[in-house]
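Below: the structure, in structure tokens.
In what follows, every heavy atom counts, from backbone to side chain, and hydrogens, waters and symmetry copies are set aside. Note that the coordinates shown come from a computational prediction; the quantities given were computed from them, not determined experimentally. Here, residue 1 is the first one in the sequence, and each next residue gets the next number.
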Amino acid sequence: MGNTYYATPIADGTLRLQISFTDTMYRNIYGGLRLTVMHVDRGEIDAVALSFAGHSTFFRREGALYHRNMPDTFNITLARPGQPLWEGADTAGLRDAIERYTAVWFSGAWTASAPSRAAGRTAHTAPAVPTGRSGTRAC
């Protein structure tokens, strides 16, 4: 829905996952992702903000865009025609953090093995659905 991703990782479970962008003080510019675990009856149970800067998401692209964009942010107005909005993003760090966080709340929900990150780090047009990996809550 809009700029927010909703999931029910465990079928018939009471917990839901919401992933949305964290706002900055500027319109259409985002500083990271916010993961929220929601209970169907009790509402928000836990949330964590994952910054793009803290996970080196836009480290590669900053050299080319630094002069016209705020570093470590996702600015949807800078997309080039025919290119995905996430052009130049390295989402491996964010994906790993999402996998570690969701493993705590949705243990065993994503059992498929994660693809090798060494094979190719490409920008995705949208954040990928996490696959299961064991880990701790430290994101």
Which value, rounded to the nearest 0.5 Å, describes the distance between Tyr5 atom OH and Phe21 atom CZ? 13.5 Å
Specify the closest pair of heavy atoms between Thr24 and Tyr30, including all atoms of both residues, with the distance to one decimal. CG2-C, 3.9 Å
Supply the atom-to-atom distance Tyr101 OH to Leu50 CG, rounded to the nearest 0.5 angstrom. 9.0 Å
Using every non-hydrogen atom in the two residues, find where His55 and Ala97 come nearest and quote the distance to one decimal. NE2-CB, 3.5 Å
Should Val104 and Ile98 be counted in the same cluster of Ile, Leu, Val, Met, Phe, Trp and Tyr side chains packed under 4.5 Å apart? yes
Contact list for residues 32-44, test salt bridge (charged side-chain N to carboxylate O under 4.0 Å, His left out), sequence neighbours left out: Arg34-Glu44
If I take atom CG from residue Leu33 and atom OG1 from residue Thr91, how far apart are they, to the nearest 0.5 angstrom? 10.0 Å
Does a side-chain heavy-atom distance below 4.5 Å link Phe52 with Thr22? no
Exercise answer: donor-acceptor pairs, residues 12-20 side-chain atoms, under 3.5 Å, sequence neighbours excluded:
unit_1: Thr14; atom_1: OG1; unit_2: His39; atom_2: NE2; d: 3.4
unit_1: Arg16; atom_1: NE; unit_2: Thr8; atom_2: OG1; d: 3.4
unit_1: Arg16; atom_1: NH1; unit_2: Gly13; atom_2: O; d: 2.6

Which atom of Ser51 lies closest to which atom of Leu94, heavy atoms considered: O-CD2, 4.3 Å
